[in-house]
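Because only heavy atoms are used, hydrogens play no part in the values below, and waters and symmetry mates are left out as well, while side chains stay in. Given the structure is predicted, the values throughout are model-derived calculations rather than measurements.
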Amino acid sequence: MRNINERYVDETYDSNGVLQTYSVHYPETFNFAYDIVDDIAENDPDRRAMVWCNPEGEEHVFTFADMKRWSDKTANMFAAHGLGKGDFVMVILRRHYQFWFTALALAKLGCVMVPATFMLKEHDLEYRLNGASIKAVVTTSVGDIAGIVESTMTSCECPTVEKFFLVNGAGGGMTPLDEQGLPVSDETLGAALSGEQGICAAAVDRDGWIDFNTEVRAAAEDFERVETNVFEPMLMYFSSGTSGNPKMVLHDSTYAVGHLMTAKHWHNVRPDGIHFTIADTGWGKAVWGKFYGQWMMEACVFTYDFDRFKASEILSLINKYQITTLCCPPTMYRLMMQEDFEQFDLSSLEYSTTAGEALNPDIFDWWKAQTGLTIFEGFGQTETPLTIANLTNTIPRPGSMGRPVPLYTLEVQRPDGTRCNTGETGEICIKMDGHPAGIMMEYYRNPEKTAEAIYDGWYHTGDTAWCDEDGYLWYVGRNDDVIKSSGYRIGPFEIESVLLEHEAVRECAVTGVPDPVRGKAVKATIVLSEGFVGSDDLTRELQKWVKKKTAPYKFPRIIDYVDELPRTVNGKIRRVAIRQNDEKKNIDGLV
């Protein structure tokens, strides 16, 4: 280990090891692929970068030297097909190891990587391909996304797209297995076998597509550095908006440096450990936990290329691969609660974190009781790295996001821009003096939306919270999700947390519905746990449950039982869809 991270950071700690001050610096030529990954590859080539496996039984251990070699070959292959500096490239690769080759290669070329989820449909793709003037698409053969790309190109005008690269994912957790858990047919896996010769070995033949694996294997290994600037566009995500078309969030390379905080002071990764963030590469959490900060810490990441989440599978992997640090959303922790924990050995785990949605206190307490580990919550957005967190060596308060990280100056503000008092709900805002590292450059091609978010020297997140007397922040909800009822501002998260503590509730979403007296009334849309049936008696029981555990005016006056909740393509609950549906039904007869 060479402590590369120390080149880019100045930090101080108190006597208890709690981070006090933190700032980052970098040369204008900084490029994550060259200055972090290639640097480690050249000076510590055998250091593990990633342990990768899939349900089909394929397994690879990639060193940093491997990552340099394969990303150089990938960069040469892309360059041969005309990709270069400033080109926008959409990448839809699930959790295939080729995502990491591609991400590094695009960074080396100076291209802008645009990750996307495999769950997109034609309408989603048309908007994204044209909105970002995508030049090339790199996608997986696993599932039906390649066909959706083809049908989009046939039915829609997408004039900027010139190249289509297809990766044979060789399984991706979708291979039919027999009773022993072995692939039914070797043909499904093609030539993808464990070991050096298996990397990128599975070819694919599809009309109109370039065979990524075959061409990468044939490409030259030597790639000459391309001159890039840290402030040039490097990465773009489509935000998982809960209403309207998603915004295009553009980042420069300071975003990579910003995530050093994520890995070092929140995930608590260490160079001799192995970190597991459970995230598909189509959304931002993947680079939060499987790429930038972890490799700046010279740490190894773990990737499981599965299709559908199964808590028992994930729990069994922790001991098999001796996972030391874990990060996953609260929903996955909740699914783990349903497993028989005595059959799993989690003794290798040293640290656990969560983000993506607010953490309910019941999960916090349960995980502590089962593992002895505290879950350290963090908060950020597609537009930012980690901005609020329970950092290492601090004592979390169950249900709190934590405190602002010292990389940013943060306030909870009223609509007029004044700072909220202790306990007063307002919008989370980040000071933009000097444009702090990691905060988005802009909403690409949308100056109006950019101006709505960044003005008067602050970035306005659109998320609301309140701050206690010790500086801990407590999440309330998105601005649009806050319910104004009888003069009260009611955040959905608090009520959802209380409902989720009841054994009958598996999932829930709290929204407001029009009320002639109160303005809005609280409504809970609930997915019931197995064995429970919605009824008037259960509704009254749940209402009493909420009244006993929080202020009486917050109880849900309407409870609707459903089979599933509406979600974005990235899995976030779409409360706006529930509100829109209620408007159509013209709900009346409030309790």
Side-chain angles (χ1 to χ4, degrees), residues 5-14 18-30 32 229-237 239 247-266 284 288 292-293 296 378-389 391 401-422 424 426-444 446-467 471-473 479:
N5 75 93
E6 294 179 0
R7 300 176 187 173
Y8 302 97
V9 64
D10 293 310
E11 54 196 357
T12 62
Y13 303 82
D14 68 12
V18 177
L19 186 67
Q20 294 297 292
T21 64
Y22 185 93
S23 62
V24 295
H25 49 81
Y26 34 79
E28 287 199 4
T29 58
F30 175 78
F32 174 78
N229 187 286
V230 70
F231 300 116
E232 292 172 340
M234 178 266 299
L235 174 73
M236 192 170 79
Y237 279 103
S239 68
K247 298 182 287 290
M248 296 183 285
V249 182
L250 189 64
H251 284 286
D252 58 29
S253 289
T254 70
Y255 182 72
V257 182
H259 274 304
L260 178 56
M261 169 72 74
T262 306
K264 186 174 185 178
H265 297 294
W266 179 48
W288 278 52
Y292 295 124
M296 289 190 76
F379 170 84
Q381 299 179 306
T382 307
E383 294 85 345
T384 73
L386 184 75
T387 56
I388 303 167
L391 298 180
M401 294 186 288
R403 294 168 167 159
V405 303
L407 179 58
Y408 304 111
T409 299
L410 185 148
E411 284 186 1
V412 178
Q413 295 184 353
R414 303 183 183 97
D416 63 5
T418 57
R419 187 169 186 163
C420 290
N421 295 323
T422 299
E424 180 183 357
E427 184 179 24
I428 301 168
C429 299
I430 300 170
K431 197 169 185 62
M432 290 294 288
D433 281 357
H435 204 117
I439 306 298
M440 69 170 180
M441 300 173 67
E442 62 182 1
Y443 291 123
Y444 187 54
N446 199 333
E448 294 81 9
K449 287 292 184 184
T450 302
E452 289 175 10
I454 302 175
Y455 60 90
D456 294 338
W458 295 86
Y459 164 56
H460 297 254
T461 66
D463 284 292
T464 60
W466 57 273
C467 187
Y472 286 84
L473 288 156
N479 268 333

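Using modelled atom types and a 3.5 Å distance limit, the side chains of T12 and T21 yield a donor-acceptor pair. Remark: the E383 side chain and the Y255 side chain contain no N/O donor-acceptor pair separated by less than 3.5 Å. Judged by distance alone, the side chains of N5 and K264 do bring a donor and an acceptor atom under 3.5 Å apart. For the residue pair H265 / E11, a side-chain donor-acceptor distance below 3.5 Å is found, with atom types taken as modelled.
Shortest non-hydrogen contact noted between L260 and M296 is CD1-CB, 4.0 Å.
Listed for the S239 side chain is no donor-acceptor partner under 3.5 Å among the backbone atoms of T382. Side chain of T418 to backbone of R414: no donor-acceptor contact under 3.5 angstrom is found.
A centroid separation of less than 6.0 Å is found between the aromatic rings of Y455 and H460.
Under the 4.5 Å side-chain criterion, counting only non-hydrogen atoms from C-beta, L250 is not in contact with Y443. Between S23 and Y8, the closest side-chain pair of non-hydrogen atoms is not below 4.5 Å. For the pair F231/T254, a side-chain contact is recorded, criterion being any heavy-atom separation below 4.5 Å from C-beta on. In this structure, F30 and V257 have side chains that are in contact, with non-hydrogen atoms separated by less than 4.5 Å.
Ring geometry, Y292 versus H259: the interplanar angle falls under 30°, so the pair is classed parallel (tilted spans 30 to 60°).
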Give the table of side-chain donor-acceptor pairs shorter than 3.5 Å for residues 430-442, with sequence neighbours excluded, one pair per line with atom names and distance.
from: H435; atom 1: NE2; to: I439; atom 2: O; distance (Å): 3.2
from: H435; atom 1: NE2; to: M440; atom 2: O; distance (Å): 2.8

